[in-house]
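Let me begin by presenting the structure, written as structure tokens, before commenting on it.
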Amino acid sequence: MGWLDILWNPVWAISTALLALVVRMQRRGRWDPNACTVRLKGKTAIVTGANTGIGKSIALDFARRGARVILACRSEARGTAALKEIREKTGNRDIHLRLVDLSSLDSVREFTKRILEEEKALHILVNNAGISGLPRQITKDGFDVSFATNHLGPFLLTNLLLDLMQRSAPARIVTLSSVNHVKGQVDFSHFHGENLTYHRDNVYNHTKLHNIICTNELARRLEGTGVTANSVHPGVVMTDVMRHYPFMFRFLFNCIGIFFFKSPDEGAFSPTFCAVSEEMEGITGKYCDSDCSLVLPAPLARDAALAVKDFEICMRLTSKL
């Protein structure tokens, strides 16, 4: 029997289909956003990177719940397209686009300045935007572009909006990290593009570890304010976060992903769980996995002394001298 005979054999085809179905069923988390009745009428939310992928799915969910949603995007064209789509799908007209390039600290400052001038309250901030696989590139601020985009930009954005969020409490900060943080390392020279190996997700993994470390320290500093801060792994999701990878790698990833990886809507489940669910009310300084369960991150991410040092260094690096 040849390979073609095997591939076209009904038993093989049915078994493959059943396996794919079982795998897809297992991708479903324990929390279903469609079953969550929480409404966000009168609440304001910001989602970075909301023009595509997980970010757009999160923004769609918030819009369906009646929130005022601000799409924080780098591309005006893609952001406008997402805005129109979200308004059409939800009927919510209170959706707005604000431009920000997280790799530029000046852009982050301009964005937050406008937010503080225009918004009376901010109840939810989702730091979703991220990139992976970029070659070495140093920003005008002197930082590796991946570290600037994935960590230092969101770090500054969050800190500049803290006063507004504290005045709006209860409020929630959700930062998307990754299970890949377990492969990350802490070397503060990395911020400036030094001692880094630029191969696939190496740099990305380091940034995702810093996300959790600084989120935990932020949560400690915000205790008693009514503002919570948590980090989350959305799962392995079919998005364009790997658009900078070689074509063949992306092709194989997408082929396998059809059966095994999450869609952007499914990837939005755990971040949305942290942002709106009643179960996460008052919970802070935690790490949530892709099944909407609180789990322990890597040991480095739980080092309290390291968290204080990391946070202080990031504060110094993002301060305007």
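Between the side chain of His190 and the main chain of Asn195, a donor-acceptor pair closer than 3.5 Å is present. Under a 3.5 Å cut-off, the side chain of Asn92 and the backbone N or O of Ala67 do form a donor-acceptor pair. Counting only distance, with no hydrogens or angles, the side chain of Asn159 and the backbone of Phe155 share a donor-acceptor pair below 3.5 Å. When atom types are taken as modelled, the side chain of Asp101 and the backbone of Ser107 share no donor-acceptor pair closer than 3.5 angstrom. Under a 3.5 Å cut-off, the side chain of Arg87 and the backbone N or O of Ile95 do form a donor-acceptor pair. When atom types are taken as modelled, the side chain of Arg98 and the backbone of Ile115 share no donor-acceptor pair closer than 3.5 angstrom. A donor-acceptor pair is defined here as one N or O able to donate and one able to accept, closer than 3.5 Å; no such pair exists between the side chain of His233 and the backbone of Ser290. With hydrogens and angles ignored, the 3.5 Å screen pairs a side-chain donor or acceptor of Asp289 with a backbone N or O of Cys292. In this structure, the side chain of Thr284 engages the main chain of Ala229 through a donor-acceptor pair within 3.5 Å. Remark: side-chain polar atoms of Arg302 are not paired, donor with acceptor, to backbone N or O of Leu296 under 3.5 angstrom.
Salt-bridge check for Lys113 with Glu117: passed, with a basic side-chain N closer than 4.0 Å to an acidic carboxylate O. Here Arg114 does not pair with Glu119 in a salt bridge; the nearest charged N to carboxylate O distance is not below 4.0 Å. At a threshold of 4.0 Å, the pair Arg221-Glu312 counts as salt-bridged, since one of the basic side-chain nitrogens sits closer than that to a carboxylate oxygen. Contact check on Asp106 versus Arg109 returns a salt bridge, with a Lys/Arg side-chain nitrogen under 4.0 Å from an Asp/Glu carboxylate oxygen. We find that Asp163 and Arg167 are not joined by a salt bridge, their nearest charged nitrogen and carboxylate oxygen being 4.0 Å or further apart. Using a 4.0 Å cut-off between a side-chain N of Lys or Arg and a carboxylate O of Asp or Glu, Glu281 and Arg172 do not qualify as a salt bridge.
The nearest pair of heavy atoms linking Leu176 to Pro234 is CD2-CG, 4.2 Å. Taking all atoms of both residues into account, the shortest heavy-atom contact from Ser178 to Tyr204 is CB-OH, 3.7 Å. The minimum heavy-atom distance linking Ser231 with Thr215 is given by the pair N-CG2, 3.9 Å. Of all heavy-atom pairs between Ser168 and Lys120, the closest is OG-O, 4.5 Å. Closest non-hydrogen pair, Gly55 versus Val47, comes out as O-CG1, 3.6 Å. Heavy atoms only, all atoms of each residue included: His206 and Gln185 are closest at ND1-N, 2.9 Å.
Looking at Ile213 and Leu306, their side chains come closer than 4.5 Å, going by heavy atoms from C-beta outward. Between Leu134 and Val203, the closest side-chain pair of non-hydrogen atoms is not below 4.5 Å. Inter-residue side-chain proximity for Cys314 and Leu152 is flagged as met; some heavy-atom pair is nearer than 4.5 Å. In this structure the side chain of Phe191 reaches within 4.5 angstrom of the side chain of Ile313, judged on heavy atoms. You'll find the side chain of Phe188 reaches within 4.5 Å of the side chain of His210, heavy atoms only. Within the 4.5 Å cutoff, the side chain of Lys56 has no heavy atoms near those of the Cys73 side chain.
One hydrophobic cluster holds both Met315 and Leu102 under the rule that ILVMFWY side chains link at heavy-atom gaps under 4.5 Å. Criterion: ILVMFWY side-chain heavy atoms under 4.5 Å apart, direct or through other members. Under it, Ile54 and Leu71 are part of a common hydrophobic cluster. Placement of Phe62 and Val100 in two distinct hydrophobic clusters is found when ILVMFWY residues are connected by side-chain heavy-atom separations under 4.5 Å, directly or transitively. In the hydrophobic clustering of this structure, Leu222 groups with Leu122; members are Ile, Leu, Val, Met, Phe, Trp, Tyr whose side-chain heavy atoms approach within less than 4.5 Å, directly or through other members. No single ILVMFWY cluster, assembled from side-chain heavy atoms under 4.5 Å apart, contains both Met165 and Ile58.
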request  = Report the C-alpha separation of Val126 and Thr48 in whole Å, then their side-chain angles, then the decisive distance to 0.1 Å, and conclude whether the side chain to side chain contact (heavy atoms under 4.5 Å, CB included) test is met.
outcome  = CA-CA 6 Å; Val126 180; Thr48 66; over 6 Å; no

request  = Quick one: do Thr112 and Leu164 satisfy side chain to side chain contact (heavy atoms under 4.5 Å, CB included)? Show the steps, please.
outcome  = CA-CA 10 Å; Thr112 54; Leu164 178 60; over 6 Å; no

query = Does the side chain to side chain donor-acceptor pair (under 3.5 Å) test come out yes or no for Asp187 and Ser189, once each step is laid out?
reply = CA-CA 5 Å; Asp187 181 337; Ser189 69; 2.7 Å; yes

key: Ile86/Val69 under side chain to side chain contact (heavy atoms under 4.5 Å, CB included): CA gap, chis, key distance, verdict   = CA-CA 10 Å; Ile86 293 172; Val69 185; over 6 Å; no

message = One pair to check against side chain to side chain contact (heavy atoms under 4.5 Å, CB included): Thr228 and Ile283. What are the steps and the verdict?
response = CA-CA 7 Å; Thr228 61; Ile283 302 298; 6.0 Å; no

message = Tyr287 vs His181, test: ring pair (Phe, Tyr, Trp, His ring centres under 6.0 Å). Steps then yes/no.
response = CA-CA 11 Å; Tyr287 172 69; His181 79 274; 5.2 Å; yes

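Expressed to the nearest 0.5 Å, how far CG of Leu300 lies from CG of Leu209 amounts to 5.5 Å. How far SG of Cys214 is from CD of Glu217: 8.0 Å, rounded to the nearest 0.5 Å. Between the CD1 atom of Ile70 and the CZ atom of Phe111 there is a distance of 6.5 Å, given to the nearest 0.5 Å. Taking SG from Cys288 and CD from Glu279, the interatomic distance works out to 9.5 Å, rounded to the nearest 0.5 Å. Atom CZ in Arg78 sits 5.0 Å away from atom OG1 in Thr52 (nearest 0.5 Å). Rounded to the nearest 0.5 Å, atoms CG (Asn230) and NZ (Lys286) are 8.5 Å apart.
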Please report, to 0.1 Å, the donor-acceptor pairs under 3.5 Å made by any side chain of residues 143-150, with sequence neighbours excluded.
from, atom 1, to, atom 2, distance (Å)
Asp144, OD1, Tyr198, OH, 2.7
Asp144, OD2, Ser146, N, 2.9
Asp144, OD2, Phe147, N, 3.0
Thr149, OG1, Val145, O, 2.8
Asn150, OD1, Ile131, N, 2.9
Asn150, ND2, Ile131, O, 2.9
Asn150, ND2, Thr207, OG1, 3.2

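Using a 3.5 Å distance cut-off with no hydrogens or angles, the side chains of Lys208 and Asn211 do pair a donor with an acceptor. Counted by atom type alone, Thr175 and Asn127 present one or more donor-acceptor pairs between their side chains at under 3.5 Å.
For Glu278, the CD atom sits in a loose shell: 12 or fewer heavy atoms of surrounding residues, nucleotides or ligands are nearer than 6.0 Å.
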